[in-house]
Visitor: 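What follows is a structure written as structure tokens; I'll ask about it next.
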Amino acid sequence: MVESFPMPPKKPKISVDLVIPVYNEQGVVEQTYAELCQVIDASPHKFSIYYIDDGSEDGTVASLNALAEKDKRVVVLELSRNFGHQAALTAGIDAAQGDFVISMDADGQHPPEMIPQMVALLEQGYDIVQAQRVEDSALSFKKVTSSAFYSLINTISGTEMVPGAADFRGMSRQAVDALKSMPEYHRFLRGMVSAMGYKSVILPYHETKRVAGRTKYSLGKMFRLAMDAIFSFSLVPLYIGMSAGVMFLCLAALEMVYVYSFWLKGDTSTLAPGWSSLMFIILIASGVILIVLGFIGVYIGYIFQQVKQRPVYHLKKRAE
Ligand code: UDP
Ligand code: MG
């Protein structure tokens with residue numbers, strides 16, 4: 001009798017979800033989808049593409065729905081209005097189910113050819129594969145403001161942020177779940193991902209030109225993102241009052257020395273009557289008020305940290 005051995009169970013395919021926020025990109029989605037397909041069709045992994053329509057007012061939704069109709073891998077999530085890039089990314093990351101999640105832009109500026117390398121690094125055990133834009137030498141407004149922003153945020157925040165980091169990154173399921181456990185409203189995902197920890201690697205890339213259309217990051221949106229980053233990742237602005245208060249107290253001490261020097265010289269005639277005491281009172285009172293405001297600032301800082309409801313830690317592994 002011929003014995004039959006059970007076939008070894010087939011290793012389930014790794015599933016990779018691409019999360020792509022889209023806002024008024026009618027002119028680009030079809031082309032960038034086609035470029036994406038060239039990469040994912042050649043991959044052995046199981047891909048899904050989550051397009052998040054961030055309240056587009058042009059024909060983007062129709063184009064996306066047409067893609068979903070002909071390609072089962074495409075999922076379209078339509079937001080009720082324009083919530084912004086970070087919110088749209090969050091919606092996609094919340095919906096994604098895959099083993100790995102890769103977020104990228106819809107405009108072709110994040111080269112899809114990097115996806116296989118990102119997946120390979122995730123397979124090697126990295127939890128976060130962060131793409132970093134390397135600048136060519138030409139200066140532009142965006143590059144100057146971006147490098148100024150990163151040096152500021154790295155000075156005033158306790159979280160180390162990668163300069164030029166884009167929202168083009170791959171994450172393991174564990175990293176995605178950790179990110180999902182941070183429910184804060186003002187979201188600066190680059191910072192939140194840095195704050196999580198986990199095994200990370202940086203992948204440099206050269207950003208290419210937009211396939212079509214214009215940037216959807218208006219100056220106002222860029223400013224709001226910078227504000228979200230600064231105020232969510234630094235309590236330094238709250239402590240400015242306290243430092244100013246200490247400065248006023250130092251000024252009061254200096255003023256005392258200054259006035260005393262007139263008394264030492266025995267020449268108080270040049271001192272305007274009442275100036276010394278009035279100045280002293282003003283400096284001391286301002287100092288005390290600012291310091292007390294600073295204390296209130298510290299408590300507000302603590303409350304702010306609390307209401308963000310970030311987990312106190314992220315667990316990496318448990319061995320028994
Ligand atoms: N985006 C979005 N909502 C917005 C602004 C932008 O979903 O309110 C999308 C946009 O369609 C693109 C990505 O976010 O896929 C990055 O935006 P953009 O390319 O305009 O930014 P830039 O590359 O100029 O920084
Ligand atoms: Mg872009």
Side-chain angles (χ1 to χ4, degrees), residues 17-36 49-65 67 74-96 101-115 130-136 138-150 153 161-169 185-191 193 204-229:
D17 290 354
L18 305 176
V19 166
I20 308 179
V22 194
Y23 177 51
N24 289 347
E25 304 282 14
Q26 186 183 13
V28 309
V29 279
E30 265 143 42
Q31 184 176 338
T32 52
Y33 162 79
E35 285 166 6
L36 208 53
I49 311 175
Y50 286 80
Y51 282 113
I52 303 89
D53 173 67
D54 188 16
S56 298
E57 295 109 23
D58 61 358
T60 301
V61 180
S63 307
L64 293 177
N65 285 339
L67 295 180
V74 174
V75 179
V76 181
L77 304 172
E78 238 181 283
L79 303 191
S80 58
R81 64 165 168 87
N82 178 241
F83 284 90
H85 182 208
Q86 304 290 298
L89 275 171
T90 304
I93 290 166
D94 284 347
V101 175
I102 295 177
S103 58
M104 62 194 298
D105 288 358
D107 58 2
Q109 289 194 289
H110 296 162
E113 303 77 55
M114 282 171 67
I115 292 173
Q130 174 65 58
Q132 181 187 32
R133 196 176 55 232
V134 282
E135 313 287 9
D136 43 37
L139 278 184
S140 71
F141 175 73
K142 196 149 193 170
K143 282 173 201 162
V144 172
T145 47
S146 160
S147 69
F149 166 74
Y150 277 105
I153 195 92
M161 313 227 183
V162 182
D167 280 311
F168 182 25
R169 77 175 70 79
Y185 182 80
H186 293 280
R187 301 176 81 74
F188 179 62
L189 288 165
R190 290 158 227 186
V193 169
Y205 78 103
H206 285 279
E207 199 168 71
T208 42
K209 277 220 161 65
R210 249 179 177 274
V211 164
R214 301 180 49 235
T215 176
K216 303 300 169 323
Y217 257 98
S218 57
L219 210 56
K221 276 186 175 159
M222 249 163 83
F223 183 71
R224 273 198 295 278
L225 184 67
M227 295 280 279
D228 282 352

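One-based numbering, in listed order, for ligands and for the atoms of each.
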Visitor: If we set the cut-off at 4.0 Å for heavy atoms, which region of Asn82 has an atom near ligand 1: side chain, backbone, both, or neither?
Guide: side chain
Visitor: Tell me whether Arg214 reaches ligand 1 (any heavy atom closer than 4.0 angstrom to a ligand atom).
Guide: no
Visitor: Which residue owns the protein heavy atom closest to atom 24 (O) of ligand 1, what's the atom, and how far is it?
Guide: Thr215 OG1, 2.5 Å
Visitor: Quick check on the Mg ion (ligand 2): does Gln109 put an N/O/S atom closer than 2.8 Å to it?
Guide: yes
Visitor: Who's the nearest protein heavy-atom neighbour of atom 22 (P) of ligand 1, and how far?
Guide: Lys142 NZ, 3.4 Å
Visitor: For the residue pair Lys216 and Asn82, confirm or rule out a side-chain donor-acceptor distance under 3.5 Å.
Guide: no
Visitor: Report the nearest protein non-hydrogen atom to atom 1 (N) of ligand 1: residue, atom name, distance rounded to 0.1 Å.
Guide: Tyr23 CB, 3.8 Å
Visitor: Give me the nearest non-hydrogen protein atom to atom 16 (C) of ligand 1 as residue plus atom name, then the distance to 0.1 Å.
Guide: Asp105 OD2, 3.2 Å
Visitor: Quick one: which of Met222, His85, Glu25 has a heavy atom closest to atom 14 (O) of ligand 1?
Guide: His85
Visitor: Assess the side chains of Arg210 and Thr215: does a donor N or O sit below 3.5 Å from an acceptor N or O?
Guide: no
Visitor: Tell me which part of Lys216 gets within contact of ligand 1: side chain, backbone, both or neither, using heavy atoms under 4.0 Å.
Guide: both
Visitor: Roughly how far apart are Thr60 OG1 and Gln26 CD, rounded to 0.5 Å?
Guide: 6.0 Å
Visitor: Nearest protein heavy-atom contact for atom 21 (O) of ligand 1: which residue, which atom, what distance?
Guide: Tyr217 CD1, 3.3 Å
Visitor: Which value, rounded to the nearest 0.5 Å, describes the distance between Met104 atom CE and Ile49 atom CD1?
Guide: 9.5 Å
Visitor: What atoms in ligand 1 come closer than 4.0 Å to a heavy atom of Arg210?
Guide: 18 (P), 19 (O), 20 (O)
Visitor: Does any N, O or S atom in Asp107 come within less than 2.8 Å of the Mg ion (ligand 2)?
Guide: yes
Visitor: Take the angle between the ring planes of His110 and Phe168 and call it parallel below 30°, perpendicular above 60°, tilted in between.
Guide: parallel
Visitor: Less than 4.5 Å apart, any side-chain heavy atom of Leu79 and any of Ile52?
Guide: yes
Visitor: Counting distance only, does the side-chain N/O of Gln130 pair as donor-acceptor with the main-chain N or O of Ala166 below 3.5 Å?
Guide: yes
Visitor: Please determine if Asp54 has a nitrogen or oxygen closer than 3.5 Å to a nitrogen or oxygen of ligand 1.
Guide: yes
Visitor: Which atoms of ligand 1 are found less than 4.0 Å from any heavy atom of Val22?
Guide: 7 (O), 11 (O)
Visitor: Compute both the distance and the angle, then confirm whether Arg81 meets the cation-pi test with Phe83: under 6.0 Å from the six-membered ring centre, within 45 degrees of the axis.
Guide: yes
Visitor: Using a 4.0 Å cutoff against the non-hydrogen atoms of Lys221, which atoms of ligand 1 qualify?
Guide: 4 (C), 8 (O)
Visitor: Starting from atom 23 (O) of ligand 1, which protein heavy atom do you reach first, and at what distance in Å?
Guide: Gln109 OE1, 2.8 Å
Visitor: Write out the residue and atom name of the closest protein heavy atom to atom 9 (C) of ligand 1, then the distance separating them to 0.1 Å.
Guide: Pro21 O, 3.7 Å
Visitor: Report yes or no: does Asp167 contribute a side-chain atom to a donor-acceptor pair with the main-chain N or O of Asp105 at less than 3.5 Å?
Guide: no
Visitor: To the nearest 0.5 Å, what is the distance between NE2 (His85) and CG (Leu225)?
Guide: 9.0 Å
Visitor: Should one rank Asp107, Val29, Thr32, Ile52 by closest heavy-atom distance to atom 19 (O) of ligand 1, which comes out on top?
Guide: Asp107
Visitor: Has Ser56 got a side-chain atom pairing as donor or acceptor with Val61's backbone, closer than 3.5 angstrom?
Guide: no
Visitor: Show which atoms of ligand 1 fall inside a sub-4.0 Å distance from at least one heavy-atom site of Ala106.
Guide: 15 (O)
Visitor: How far apart are the C-alpha atoms of Val29 and Leu64, what are their side-chain angles, what is the distance that settles it, and do they pass the side-chain contact (heavy atoms from CB on, under 4.5 Å) test?
Guide: CA-CA 7 Å; Val29 279; Leu64 293 177; 3.9 Å; yes
